[in-house]
Engineer: 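One structure coming up, written as structure tokens, with questions to follow.
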Amino acid sequence: MILVTGATGVIGGAVLRLLAGGERPVRALARTPSSVPTLPGVEVVRGDFTEPESLRRAVDGVRAVLLVTVPNPPTVAHDVALLDAAVAAGVRRVVKLSAIGTGEWWNGRLVGSWHQETEDAVRGSGLDWTALRPSTFASNTLGWARSIAVDGVVPDPVGGARQGVIDPRDVAAVAVAELVGDHSLGRSLTLTGPELLSAADQAEVLGRLLGRPLRVADLPMPAMRQRMEEDSWDGAAVELAVAGTGWARSGGNAVLTRTVEEVLGRPAATFETWAADHLPRFSE
Ligand SMILES: NC(=O)c1ccc[n+]([C@@H]2O[C@H](COP(=O)([O-])OP(=O)(O)OC[C@H]3O[C@@H](n4cnc5c(N)ncnc54)[C@H](OP(=O)(O)O)[C@@H]3O)[C@@H](O)[C@H]2O)c1
């Protein structure tokens with residue numbers, strides 16, 4: 001039995017789609033089970049990281065867990081509660097979704113500090129573990145959809161910096177490989193796409209596919225912070241986003257690895273492939 005947390009989210013959802021109908025039974029943990037799509041071989045249970053009893057029920061009979069660390073609000077205690085329940089239930093393996101840049105420093109701030117703390121807890125849990133540290137997801141560009149529809153503008157929070165944009169389906173595929181195999185036990189894997197791309201590069205791809213030119217507008221860090229605060233983001237989440245964005249803006253995330261290809265035996269998908277597959281979502 002494999003337990004997938006974050007089942008309604010980007011990576012958890014993609015992991016469920018990959019595991020559905022396979023040989024292994026799968027359990028999805030969700031605060032609102034009705035928001036998890038019905039998939040063959042997938043049992044959905046109600047669970048919340050803030051409710052230890054629900055976690056104890058969710059890990060019963062489970063061999064491997066995908067642990068999605070919730071970004072807003074970032075709460076290390078969530079992950080520790082899940083790990084405690086997993087250890088007590090005799091779970092063997094945990095694959096933790098972390099992020100690229102974890103443990104780096106920018107402007108006196110630790111990047112991905114809550115991922116660092118959670119990775120430490122995973123390492124100390126006694127479970128077999130793999131930490132996945134993906135680069136920025138291609139799907140983050142869906143956050144541009146409204147601005148693209150309104151005035152054809154792509155807001156760029158990282159000031160032209162290039163990043164190893166990754167298709168979240170590749171992150172999910174690596175997660176599945178680590179949940180069912182033992183390619184990388186005891187390692188933190190930095191996962192990237194095949195190319196370094198700026199927001200302008202991504203806008204060029206999207207504009208070509210959508211058939212209309214897009215314009216990139218720098219989104220300075222104070223404006224980004226203000227937008228997050230107006231959208232009622234948790235204060236700690238805002239500070240973490242500022243540190244991560246500052247790090248990327250300074251060029252820290254101009255990193256490519258071949259880990260996706262090493263694990264999956266095929267190249268990482270391009271941003272263009274992801275964009276072509278999701279184009280209708282830019283017109284919703
Ligand atoms: N976006 C990127 O570019 C990027 C890059 C690298 C790493 N990451 C990392 O990826 C992680 C986020 O993954 P994601 O994008 O797949 O997630 P996501 O789409 O943001 O979804 C978050 C998930 O967490 C669930 N959740 C929230 N609070 C919960 C609680 N109290 N108990 C149980 N479940 C709860 C949500 O369920 P509900 O439906 O109930 O809200 C949802 O399924 C973060 O740790 C982030 O740092 C992101």
Engineer: Do Ile166 and Thr136 pass the side chain to side chain contact (heavy atoms under 4.5 Å, CB included) test, and can you show the C-alpha distance, the side-chain angles, and the key distance before you say yes or no?
Structural biologist: CA-CA 6 Å; Ile166 188 166; Thr136 184; over 6 Å; no

Engineer: Give the intermediate values and the outcome of side chain to side chain contact (heavy atoms under 4.5 Å, CB included) for residues Val62 and Arg27.
Structural biologist: CA-CA 9 Å; Val62 164; Arg27 187 177 289 159; 3.8 Å; yes

Engineer: How long is the gap from CG on Leu209 to CG on Asp277, to the nearest 0.5 Å?
Structural biologist: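 Reported value, rounded in 0.5 Å steps: 10.0 Å.
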
Engineer: Say whether, by atom type as modelled, one donor and one acceptor occur between the side chain of Ser188 and the main chain of Ala131 under 3.5 angstrom.
Structural biologist: no

Engineer: Look at the side chain of Asp201 and the backbone N and O of Ser198, then say whether any donor-acceptor pair between them is shorter than 3.5 Å.
Structural biologist: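 Pair found, side chain donor or acceptor close to backbone of Ser198.
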
Engineer: Indicate the atoms forming the closest heavy-atom contact of Ala268 with Asp170, along with that distance.
Structural biologist: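 Scanning both residues, the minimum pair turns out to be CA-OD2, 3.3 Å.
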
Engineer: Which heavy atom in Ala7 sits nearest to a heavy atom in Leu29, and how many Å separate them?
Structural biologist: CB-O, 3.5 Å

Engineer: Is there a side-chain contact between Val42 and Leu19 (heavy atoms, below 4.5 Å)?
Structural biologist: no

Engineer: So does Trp114 get a backbone contact from the side chain of Thr118, meaning a donor-acceptor N/O pair under 3.5 Å?
Structural biologist: yes

Engineer: Rounded to the nearest 0.5 Å, what's the gap from OG1 on Thr257 to CD on Glu262? Could you check?
Structural biologist: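 Going from the OG1 atom of Thr257 to the CD atom of Glu262 covers 7.5 Å.
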
Engineer: I'd like to know whether Arg93 forms a side chain to side chain contact (heavy atoms under 4.5 Å, CB included) with Asp182, so could you lay out the CA-CA distance, the side-chain angles of the two residues, the decisive distance to 0.1 Å, and finally the verdict.
Structural biologist: CA-CA 10 Å; Arg93 179 172 303 180; Asp182 17 42; 3.7 Å; yes

Engineer: Supply the atom-to-atom distance Gln163 CD to Leu256 CG, rounded to the nearest 0.5 angstrom.
Structural biologist: 11.0 Å

Engineer: Report yes or no: does Ser54 contribute a side-chain atom to a donor-acceptor pair with the main-chain N or O of Asp48 at less than 3.5 Å?
Structural biologist: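 Side chain of Ser54 to backbone of Asp48: a pair is present.
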
Engineer: Can you tell if the side chain of Val4 reaches within under 4.5 Å of the side chain of Val15, non-hydrogen atoms only?
Structural biologist: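 Val4 vs Val15: side chains touch.
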
Engineer: Do the ring planes of Trp274 and Phe282 sit parallel (below 30°), tilted (30 to 60°) or perpendicular (above 60°)?
Structural biologist: perpendicular

Engineer: Spell out, yes or no, whether Val95 and Leu18 are grouped together once hydrophobic residues are joined by side-chain heavy atoms under 4.5 Å, including indirect joins.
Structural biologist: yes

Engineer: Hey, does Val242 have a side-chain heavy atom less than 4.5 Å from the side chain of Trp106?
Structural biologist: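 A side-chain contact exists here, since the closest heavy-atom pair is under 4.5 Å.
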
Engineer: Side-chain contact, heavy-atom cut-off 4.5 Å: Trp105 with Val111?
Structural biologist: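 No, every pair of side-chain atoms sits at 4.5 Å or beyond.
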
Engineer: The test is side chain to side chain donor-acceptor pair (under 3.5 Å); show your working for Ser98 and Glu119 and say whether it passes.
Structural biologist: CA-CA 8 Å; Ser98 197; Glu119 284 192 18; 2.5 Å; yes

Engineer: Is it possible for you to say whether Ile100 and Val171 belong to one hydrophobic cluster, with membership spreading through side-chain heavy-atom contacts below 4.5 Å?
Structural biologist: no

Engineer: Just by distance, with hydrogens left out, do Thr102 and Gln116 show a side-chain donor and acceptor under 3.5 Å apart?
Structural biologist: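 No - no donor-acceptor pair under 3.5 Å links their side chains.
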
Engineer: Taking C-beta and beyond as the side chain, do Pro25 and Glu43 meet within less than 4.5 Å on heavy atoms?
Structural biologist: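 A side-chain contact under 4.5 Å is absent here.
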
Engineer: Would you list the pairs meeting side chain to side chain donor-acceptor pair (under 3.5 Å) in which at least one residue belongs to residues 56-73, sequence neighbours left out?
Structural biologist: Glu53-Arg56, Thr69-Asp79, Thr69-Lys96

Engineer: Mind jotting down which residue pairs meet the side chain to side chain donor-acceptor pair (under 3.5 Å) criterion with at least one end in residues 233-249? Sequence neighbours excluded, please.
Structural biologist: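 Checked against side chain to side chain donor-acceptor pair (under 3.5 Å) - neighbours excluded - the pairs reaching residues 233-249 are Arg109-Glu239, Asp218-Arg249, Arg225-Glu239.
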
Engineer: If you compare all heavy atoms of Ser184 against all heavy atoms of Val263, which two are closest, and at what distance to 0.1 Å?
Structural biologist: OG-CG2, 4.4 Å

Engineer: Calculate, to the nearest 0.5 Å, the distance between atoms CD and CG belonging to Gln226 and Asp231 respectively.
Structural biologist: 10.5 Å

Engineer: Does the side chain of Pro52 come within less than 4.5 Å of Asp84's, by heavy atoms?
Structural biologist: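 Sidechains of Pro52 and Asp84: no contact.
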
Engineer: Quick one: do the Asn253 and Ser135 side chains pair a donor with an acceptor below 3.5 Å?
Structural biologist: yes

Engineer: Check the pair Leu3, Val59 against side chain to side chain contact (heavy atoms under 4.5 Å, CB included), reporting the backbone distance first and the verdict last.
Structural biologist: CA-CA 7 Å; Leu3 176 69; Val59 294; 3.9 Å; yes

Engineer: Between Ser125 (side chain only) and Leu127 (backbone N and O only), is there a donor and an acceptor less than 3.5 Å apart?
Structural biologist: yes

Engineer: For Leu191, does its backbone N or O pair with a side-chain atom of Thr259 as donor and acceptor, under 3.5 Å?
Structural biologist: no

Engineer: Tell me whether Leu219 is reachable from Val216 by hopping between hydrophobic residues (I, L, V, M, F, W, Y) whose side-chain heavy atoms are closer than 4.5 Å.
Structural biologist: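 No; Leu219 is not reachable from Val216 via cluster members.
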
Engineer: Is it the case that one hydrophobic cluster holds both Leu97 and Val80, taking links as side-chain heavy atoms less than 4.5 Å apart, direct or via other members?
Structural biologist: no

Engineer: State, to 0.1 Å, how close Trp144 and Pro155 come at their nearest heavy-atom pair, and which atoms those are.
Structural biologist: NE1-O, 3.4 Å

Engineer: Are the side chain of Arg31 and the backbone N or O of Arg46 linked by a donor-acceptor pair below 3.5 Å?
Structural biologist: no

Engineer: For a 4.5 angstrom cut-off between non-hydrogen side-chain atoms, does Thr32 reach Thr8?
Structural biologist: no

Engineer: Are Ile2 and Val91 in one and the same hydrophobic cluster, where Ile, Leu, Val, Met, Phe, Trp and Tyr link if side-chain heavy atoms are under 4.5 Å apart?
Structural biologist: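 No; tracing contacts between hydrophobic side chains, which count when under 4.5 Å, never links both residues.
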
Engineer: With a cut-off of under 6.0 Å to the ring centre and 45° to the axis, is Arg123 in cation-pi contact with Trp129?
Structural biologist: yes

Engineer: So which atom in Val238 and which in Met228 form the shortest heavy-atom distance, rounded to 0.1 Å?
Structural biologist: CG2-CB, 4.0 Å

Engineer: Under 3.5 Å, is there a donor-acceptor pair between the Glu195 and Thr270 side chains?
Structural biologist: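 Their side chains do not contain a donor-acceptor pair, so the 3.5 Å distance test is not met.
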
Engineer: Is any NZ, NE, NH1 or NH2 atom of the basic residue among Arg227 and Glu230 found under 4.0 Å from an Asp or Glu carboxylate oxygen of the other?
Structural biologist: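 The answer is no: the pair does not qualify as a salt bridge.
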
Engineer: If I take atom CG from residue Leu179 and atom CG from residue Asp128, how far apart are they, to the nearest 0.5 angstrom?
Structural biologist: 12.0 Å

Engineer: Is a salt bridge present between Arg208 and Glu272, judged by a nitrogen-to-oxygen distance below 4.0 Å?
Structural biologist: yes

Engineer: Do any N or O atoms from the side chain of Arg212 and from the backbone of Ile148 form a donor-acceptor pair under 3.5 angstrom?
Structural biologist: yes

Engineer: Locate the shortest heavy-atom distance separating Leu214 from Gly207; write the atom from each residue and the value.
Structural biologist: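 In this case the closest contact between Leu214 and Gly207 is CD1-N, 3.7 Å.
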
Engineer: Any Lys/Arg nitrogen of Arg215 or Asp151 sitting under 4.0 Å from an Asp/Glu carboxylate oxygen of the other?
Structural biologist: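 Looking at Arg215 and Asp151, the cut-off is not met.
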
Engineer: Does some side-chain heavy atom of His183 sit less than 4.5 Å from a side-chain heavy atom of Glu178?
Structural biologist: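 Yes, their side chains come closer than 4.5 Å.
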
